[in-house]
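Here you go, one structure.
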Amino acid sequence: MTAIGLLSSLQTLLVAVQNNPHIMEIIEQDCGNLCAVILQHGVLDVYEEAFVILSQLTLNSISPFMWQLFPLLYQCFCDDGFDYFVDMVPAVHNFITIDPPAFLSNPANMQTVYDMCTKILENENCGEDAQSHACKVLEVMVLQCKDTVSQLLPRIIKTVLERVTKTVKMKLCRSMCLQVVIAALYVNPIGVIEVLEKLTMPPTGEPVCSQFFSQWFKQADCVRG
């Protein structure tokens, strides 16, 4: 409880100085190192607090030091942070959107995000809330990295549409899956249509393309930008 209280106080401090770049620069490394220790040692009890702090440290800008923590975030996800994916999403979102040139400077970054989201979407034990968040992250990456994401689009589309073919209880989850494909259509319409025409719906073998547009029009009221 003491550790949680201290980390909560640190979160409050970061909120107070968020708009002061000078102070943020001074405390960033200490806060980042603290989060690194928590993740490296698997201190599950304070993962949520650590992920909040990471999102605060990357909210307005991302320093070279903070970029060193991005692979650690993925390693934590793979080791024992799978259940904390939703808590990781704000930090992952920041790494994608706050400094796109830095994100794209390492091709492994897009693959990392894709791998995280795919593991969530393909795991039947993951709740649909987490899967909806995974779709949102993919949608953001597709739109943010539109000039370089083309190589991943076929796999992204296949992943989200395979999720739609399974049982979906939440209307939101289905619409979020569709929004990923819609974002891909915006980025590369010809390429995405070609992918949709090649994919088939199991077990009937029916072409995915017509089914996708049918689902899109049916849920037009739920699909948001």
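Numbers for residues simply follow the sequence, beginning at 1.
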For this session: Decide yes or no on side chain to side chain contact (heavy atoms under 4.5 Å, CB included) for Leu14 and Met24, but give the supporting numbers first.
Result: CA-CA 8 Å; Leu14 289 171; Met24 287 294 291; 4.0 Å; yes
Exercise. Do side-chain atoms of Gln56 reach the backbone of Gln11 as a donor and acceptor pair under 3.5 angstrom?
Worked result: yes
Problem set entry | Distance (rounded to the nearest 0.5 Å) between Asp99 CG and Ser105 OG |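 Interatomic distance, Asp99 CG to Ser105 OG, rounded to 0.5 Å: 8.0 Å.
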For this session: Enter the distance from Arg174:CZ to Cys135:SG here, rounded to the nearest 0.5 Å.
Result: 11.5 Å
For this session: Grab the two heavy atoms, one from Val192 and one from Ala184, that are nearest each other, plus how far apart they are.
Result: CG2-O, 3.3 Å
Problem set entry | Spacing of Asn106 atom CG and Phe70 atom CZ [to the nearest 0.5 Å] |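 Asn106 CG to Phe70 CZ: 9.0 Å, rounded to 0.5 Å.
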For this session: Check the surroundings of atom CZ in Phe65: do more than 12 heavy atoms from other residues, nucleotides or ligands lie under 6.0 Å from it?
Result: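 Correct, the count exceeds 12.
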Problem set entry | Heavy-atom pair of closest approach, residues Leu57 and Gly32 |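 Nearest pair, atom of Leu57 first, then Gly32: CD1-N, 3.8 Å.
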Exercise. At what distance, to the nearest 0.5 angstrom, does NZ of Lys198 lie from CD1 of Ile157?
Worked result: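 Between atom NZ of Lys198 and atom CD1 of Ile157 there are 11.0 Å.
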Exercise. Can you tell which of Ile98, Thr148, Ile62, Ile96 makes a side chain to side chain contact (heavy atoms under 4.5 Å, CB included) with Phe103?
Worked result: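 When Ile98, Thr148, Ile62, Ile96 are each tested with Phe103, the side chain to side chain contact (heavy atoms under 4.5 Å, CB included) holds only for Ile96.
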Problem set entry | salt bridge (Lys or Arg N to Asp or Glu O under 4.0 Å) pairs, two or more places apart, involving residues 143-159 |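 Those involving residues 143-159 are Lys158-Glu162.
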Problem set entry | Partner of Glu128 under side chain to side chain contact (heavy atoms under 4.5 Å, CB included), chosen from His133, Lys171, Met176, Arg163 |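 Of all the options given, the one that passes is Arg163.
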Exercise. When rounded to the nearest 0.5 angstrom, what is the spacing between CG in Leu59 and CD in Gln18?
Worked result: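 Between atom CG of Leu59 and atom CD of Gln18 there are 4.5 Å.
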Problem set entry | Closest contact, heavy atoms only, Gln144 versus Thr97 | OE1-CG2, 3.6 Å
Pairs of donor and acceptor atoms involving the side chains of residues 35-54, under 3.5 Å and at least two apart or interchain, shall be tabulated with distances.
from  : atom 1 : to    : atom 2 : distance (Å)
His41 : ND1    : Val37 : O      : 3.0
Tyr47 : OH     : Asp80 : OD1    : 2.7

Exercise. Where the side chain of Gln179 meets the backbone of Lys136, is there a donor-acceptor pair that is under 3.5 Å apart?
Worked result: no
For this session: Apply the test side chain to side chain contact (heavy atoms under 4.5 Å, CB included) to residues Leu153 and Val149: give CA-CA distance (whole Å), side-chain angles for both, the deciding distance (0.1 Å), then the verdict.
Result: CA-CA 6 Å; Leu153 285 182; Val149 76; 4.0 Å; yes
Problem set entry | Exercise: identify the closest heavy-atom pair between Leu138 and Cys117 |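 It is CG-CB, 3.7 Å.
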For this session: Quick one: closest heavy-atom pair of Glu139 and Val180, and the distance?
Result: N-CG2, 4.1 Å
Exercise. Sequence neighbours excluded, which residues qualify as ring pair (Phe, Tyr, Trp, His ring centres under 6.0 Å) partners of Tyr74?
Worked result: none
For this session: Output the distance between atom SG (Cys126) and atom CG (Asp83), rounded to the nearest 0.5 Å.
Result: 7.5 Å
For this session: Could you walk me through whether Ile190 and Glu194 pass the side chain to side chain contact (heavy atoms under 4.5 Å, CB included) test, one step at a time?
Result: CA-CA 6 Å; Ile190 296 176; Glu194 290 177 352; 3.9 Å; yes
Problem set entry | Minimum-distance pair of heavy atoms, taken over all atoms of Ala91 and Leu73 | CB-CD2, 4.4 Å
Problem set entry | Whether Thr118 side chain and Asp115 backbone form a donor-acceptor pair below 3.5 Å | no
For this session: Could you please spell out the steps behind the side chain to side chain contact (heavy atoms under 4.5 Å, CB included) verdict for Ser8 and Ile4?
Result: CA-CA 6 Å; Ser8 296; Ile4 293 176; 4.1 Å; yes
